[in-house]
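Each remark here refers to the structure printed beneath this line.
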Amino acid sequence: MASDQIRTRFAPSPTGFLHIGGARTALFNWLYTRRHEGTFVLRVEDTDQVRSTEESTQAILDAMTWLGLNWDEGPYFQAERVAIHREMVQKLIDEGKAYYCTCSPSELEAKRKKALTEGRKPKYDGTCRNRGLSRSPDAVVRFLCPEVGVTVMHDLIKGNISFNNEELDDLIIERADGYPTYNFAVVVDDAQMGITHVIRGDDHVNNTPKQIRIYEALGYEAPLFGHVPMILGSDKARLSKRHGATSVMAYQEMGYLPEALVKDLVRLGWSHGDQEIFTLEELVRKFSLEAVGKSAAVFNPEKLLWLNQQYIMAYPEEKLVEAMHPFWEKRVFDASNRRFISKVTADLRTRAKTLVEMADASAFYFQQEVEYDPAAAAKFLTPEYGSHLEAVVERISGIGDYTKDGLETFLRALAEERGTKLKWIAQALRVALTGKTISPGIDEVMVTLGKERVIERIERALARIGAGN
RNA sequence: GUCCCCAUCGUCUAGUGGCCUAGGACACCGGCCUUUCACGCCGGUAACCGGGGUUCGACUCCCCGUGGGGACGCCA
């Protein structure tokens, strides 16, 4: 098959936000498609008229966009294609490959429960299979599945998997409301959209043989399948809200960079030797389904956090500042001075694991009057340290070289002159300028704040010491 | 219960019969650097689920067991 003919799709159902697991599936599809220069189709599977919402559709599209997973076609909406689905259902009925069924949901449910308690597989018992029923208001359509033989799936990730056809059952392909069910619509749409590779979650493995039978009944050639293993939570149970944030956009709100999430997700199940850090281009070049593991992976938020920190450190300044704006705005910090915030981010980028942390840590740069941490003030805003601070204000206006290096030289000389260690002067200054004992390098802080504000803040600290508290 | 899948450090993983005294990364623990905190650097603890085979030789192949996950909807 020529690689330029590869067509893949991501087919979320709009019944919630884009989940970490869904995002990884989308990512694998995207990487595989870009790697082979194919076409990536986005199709929204909204045939569940009750649960599908437009907000969810938008949320999923937003998350895809944020992650950088652009699609080449779509989004197509499955519900808009019901006429086609019905036509195909009719075709199967006409050919005797599907039939109407009037078993009620409640009696089916009762039979299911009974089978389960009796230790049998809860499959449809075929009550209506040979009744020759015709269309009626609450009749559904069932697909006539062969009961003998074996259906094998050639999975690009898991290898060959075979199923005894007796395990399959006469699944419903059209509901009473006239809408197709998943297993049917997905086959019709994938076939008609020319999808060549279906890359989806592991949880679809058992649906595949049924779908293969439907492809066959409809006279379509089945695509190639690749089932990617699930993502589990720390207790090895399927990842859910219990394990923390699972929505992609929640990570944006928590101050994660899309690149970090993407790189974390890709390594969950896929690897390339010992390599840990990849550029997007490398990922596209090196990605392959053969290198995707077969076993489920536990999502590790700490590794994502580390990756996020790595990306914050390496991010181009322009992009970092842009990503930071919403977080500053939320805190009502005036981030309009480009030169200033550029220095702020430079000071903080090695000290923040998330943009939220960075925004919080940057507070003192923006505040008119710093808030003193009580313990820090108690220890360093004392007459003894105050004398160091006085010495600093006295000389500071005379410093010609007001730069990081110049200030460091100045402070070291001052410490020596006053017979103390630099760290004591630095800590006192730190509290006076930032309110805390933890901050970026004191010389960096002084440069970023600027001479005027440094003097103001030292004087305010001095006043506080003078007032005796 | 039935069917399907999976199984290397706590976690993500490398490993495709000898290169394994099992490698990397996160986390953790030491140390260095140092004006605090980070960053960075150096070092350490830590794993082949169990039992049978096959083979001169199994982490690697086969079988059984155990454990985990998934599926069994007029959800997708």
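A note on names: the letters A, B, ... follow the listed sequences, proteins ahead of strands, and every chain is numbered from 1. This structure is a prediction, so every number in the text was calculated from the model and none was measured.
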Inset, instruction - Check the angle between the aromatic planes of A/Y385 and A/W424 and answer parallel, tilted or perpendicular using the 30° and 60° thresholds. - result: tilted

Inset, instruction - Determine: side-chain N/O of A/R349 to OP1/OP2 of B/C39, distance under 4.0 Å, yes or no. - result: no

Inset, instruction - Using only side-chain N and O atoms of A/K236, determine if any of them is under 4.0 Å from OP1 or OP2 of B/G69. - result: no

Legend entry - Lys/Arg cation over aromatic A/Y179: A/R86, 6.0 Å, 45° cone: yes

Inset, instruction - Look at the side-chain N and O atoms of A/T117 and state whether any lies under 4.0 Å from the OP1 or OP2 oxygen of B/G1. - result: no

Legend entry - Watson-Crick or G-U wobble partner of B/C74, both distances under 3.5 Å: none

Legend entry - Residue-phosphate contact under 4.0 Å: A/Q427 side-chain N/O, B/U34 OP1/OP2: no

Legend entry - Watson-Crick/G-U partner (both atom distances under 3.5 Å) of B/G43: B/C29

Legend entry - Charged N-O contact under 4.0 Å between A/K263 and A/E282: no

Legend entry - Base partner of B/A58, which must satisfy Watson-Crick or wobble distances under 3.5 Å: none

Legend entry - Presence of donor-acceptor pair under 3.5 Å, side chain of A/D274 and base of B/G23: yes

Legend entry - Below 4.0 Å: OP1/OP2 of B/C39 and any side-chain N or O of A/Q309: yes

Legend entry - Residue pair A/N183, A/T181: steps toward the side-chain hydrogen bond (donor to acceptor under 3.5 Å, both in side chains) verdict: CA-CA 6 Å; A/N183 281 114; A/T181 56; 5.9 Å; no

Inset, instruction - With C1' as the reference atom in both, quote the distance from B/C49 to B/G40 in angstrom, rounded to an integer. - result: 39 Å

Legend entry - Sugar-phosphate, base or nothing in reach of A/V205, heavy atoms under 4.0 Å: sugar-phosphate

Legend entry - Pairwise P distance for B/C28 and B/A14, with rounding to whole Å: 24 Å

Inset, instruction - Examine B/C3: is either OP1 or OP2 under 4.0 Å from a nitrogen or oxygen in the side chain of A/K123? Give yes or no. - result: no

Inset, instruction - Consider the side chain of A/L116, meaning its heavy atoms from C-beta on, and name the nucleotide among B/G1, B/U35, B/C74 that approaches it most closely. - result: B/G1

Legend entry - Candidate nucleotides B/G23, B/C74, B/C12, ranked by approach to the side chain of A/L268 - the nearest: B/C12

Inset, instruction - Looking at every strand, decide which applies to A/G269 at a 4.0 Å heavy-atom threshold: base, sugar-phosphate, or nothing. - result: sugar-phosphate

Legend entry - Member of A/K123, A/R129, A/K210 meeting the side chain to side chain donor-acceptor pair (under 3.5 Å) criterion with A/D170: A/R129

